[in-house]
2 protein chains.
Amino acid sequence: MRASVFHVLLIERGEDPQAGMQALPGGFLSNETEGVHDAALRELREESGLDASELHIEQLAAYGEVGRDPRGRVLSVAYMAVAPGLPEPIAGTDASDASWVPVDDVLSGRVSLAFDHWQIVCDGVERARSKLERTSLALAFCDRTFTLTELQQVYEGVWGCQLDPRNFYRKVQSIPRFVELVGTVRRAAAGRPARLFRSGGGKVLYPPLVRPVSSEP
Amino acid sequence: MRASVFHVLLIERGEDPQAGMQALPGGFLSNETEGVHDAALRELREESGLDASELHIEQLAAYGEVGRDPRGRVLSVAYMAVAPGLPEPIAGTDASDASWVPVDDVLSGRVSLAFDHWQIVCDGVERARSKLERTSLALAFCDRTFTLTELQQVYEGVWGCQLDPRNFYRKVQSIPRFVELVGTVRRAAAGRPARLFRSGGGKVLYPPLVRPVSSEP
DNA sequence: TCAATAGTGTCTTTAAGACAATATTTT
DNA sequence: AAAATATTGTCTTAAAGACACTATTGA
């Protein structure tokens, strides 16, 4: 299996301002009885067809400086949802404007985004990188059961570095309540079958899994 | 010198809703030409007399669930400013409704707050505790020059734990670009004068200064 | 010289980093 | 048997934790 790549879901804007640009899915709060969290779920569903109610989702920050949107001082509350590898959005549906883009292409500017969405992606990526160290967030990138190789690929993909599998195995299994062995095994195309793990229930990693220094230049 | 205590600035609300309750300083955005960051500085100045433009200030999060404010779905964008020990707000001024309250009194519920401000304080405290590990945020709690004892008291006060001064001295001075010796010395009432340090310019602590496990039960 | 505070040194334990070898599967 | 992947183990180095002692001041 090749290495996992950390992607972000983008849509192509259909309307001005910035029609045709790539952007994060989003929209405006509806009526007064909708909280910001629900609005985030609704907008994601409307624009990409994804239901994040079963995913890890957390608020990133609010963006409300003047000039970030030509319509005036628009206040955006950004959320980050985390999911394991998902299928491509299906053309011809509600989600046909959506696509998964490697975060590196966004961070580096190879894909440019509308408004200040580049900054929002940066903040989200840094949030994810940081929480991988001290929380079990990495499991949100995995299915309910997973192999340690898959878990390692999450860390490598998000941190953008290579980790030694032997040291990773030892470290991960030494953190109390991080992962827990389930009896079964996953059979791959070739090679020795991998043992399956699930969450050990712990939310805080202690001692933390500290990323190598190279990750932030 | 006795241990430092981590405080939060609260005001007594003068108007309904929740008149008379303790609350975080805040208010509404003014006109369309004011960004959220500037609004935070303005409200802090108006309600407490503090000028945070020279302080460390960062956004915490946005709070916008229904039911958090009786006036409807009010969206609050919370900011956290960090300062070294400050004088008591002076009675008879704009700031006379403001006071410094130990965060423990808020977290424990001994002092109860209006709206969902308890949650906001919790989030801010956790943000500070967490950033002390991997960033030089602790220096924002110190004057421009400081002693290592003072720095240790910041960590102890924010984390709510005791640290061994010998291990702390060694650890702090081993982190590249964290602190830097300045030639001079601070003379206290009694005892050996302490060497003064200043920021070493680094913003990221690597290796991190990990808090002991007891801090989060 | 005593009380108070600052700072250094040493030993032990634990975790991280760098490696090589063995195990279990499919083809 | 060969290729592919998973897993375990060892040695070295670095960091954390637990200690006791020395240094420099004011009273």
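Lettering follows sequence order; numbering is per chain, from 1. Everything numeric in this text was worked out from a predicted model, so none of it was measured.
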Inset, instruction - Taking the side chain as every heavy atom from C-beta outward, state whether B:Lys203 and B:Arg177 have any atom pair closer than 4.5 Å. - result: no
Legend entry - Heavy-atom check, side chain of B:Arg211 versus side chain of B:Leu132, under 4.5 Å: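 The answer is no; the side chains never approach within 4.5 Å.
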Taking the side chain of [X] as heavy atoms from C-beta outward, which of [options] is closest to it?
X        : options               : answer
B:Asp164 : D:dT7, D:dC19, C:dG7  : D:dC19
B:Arg170 : D:dT7, D:dG17, D:dT25 : D:dG17
A:Arg192 : D:dA6, D:dA15, C:dA16 : D:dA6

[X] [atom1] to [N] [atom2]: how many Å, rounded?
X        : N      : atom1 : atom2 : answer
A:Leu205 : C:dA15 : CG    : P     : 13 Å
A:Leu163 : C:dC19 : CG    : P     : 16 Å
B:Phe168 : C:dT8  : CZ    : P     : 14 Å
A:Gln153 : D:dT5  : CD    : C1'   : 11 Å
B:Tyr169 : D:dG17 : OH    : C1'   : 18 Å
A:Leu196 : C:dT24 : CG    : C1'   : 15 Å
B:Lys171 : D:dA16 : NZ    : P     : 3 Å
B:Leu148 : C:dT5  : CG    : C1'   : 13 Å

Inset, instruction - Find which nucleotide of DNA chain D each of B:Pro193 and B:Pro207 is nearest to by heavy atoms, and output the residue with the more 5' nucleotide. - result: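 Result: B:Pro207.
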Inset, instruction - Answer with base, sugar-phosphate or nothing: what part of the nucleic acid does A:Arg195 contact at a heavy-atom distance below 4.0 Å? - result: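 Sugar-phosphate, no base atom in range.
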Inset, instruction - Remember a base hit wins even if backbone is also touched, and classify A:Thr149 as base, sugar-phosphate or nothing at under 4.0 Å, heavy atoms. - result: sugar-phosphate
Inset, instruction - Verify, without hydrogens or angle tests, whether B:Arg13 (side chain) and B:Gln22 (backbone) share a donor-acceptor contact under 3.5 angstrom. - result: no
Legend entry - Short N-O contact, A:Asp116 and A:Arg68, less than 4.0 angstrom: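 Counted as a salt bridge, because a side-chain N and a carboxylate O are separated by less than 4.0 Å.
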Inset, instruction - Could you say whether A:Leu209 or B:Gln173 is positioned toward the 5' end of DNA chain C, judged by the nucleotide with the nearest heavy atom to each? - result: B:Gln173
Inset, instruction - Specify the residue among A:Ala190 and A:Asn167 whose closest nucleotide of DNA chain C lies further upstream toward the 5′ end. - result: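 Upstream on the strand: A:Asn167.
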Legend entry - No-H, no-angle donor-acceptor pair, A:Arg166 side chain to C:dA20 base, under 3.5 Å: yes
Inset, instruction - Could you tell me whether A:Trp100 atom CH2 has more than 12 heavy atoms of other residues or ligands within 6.0 Å of it? - result: yes
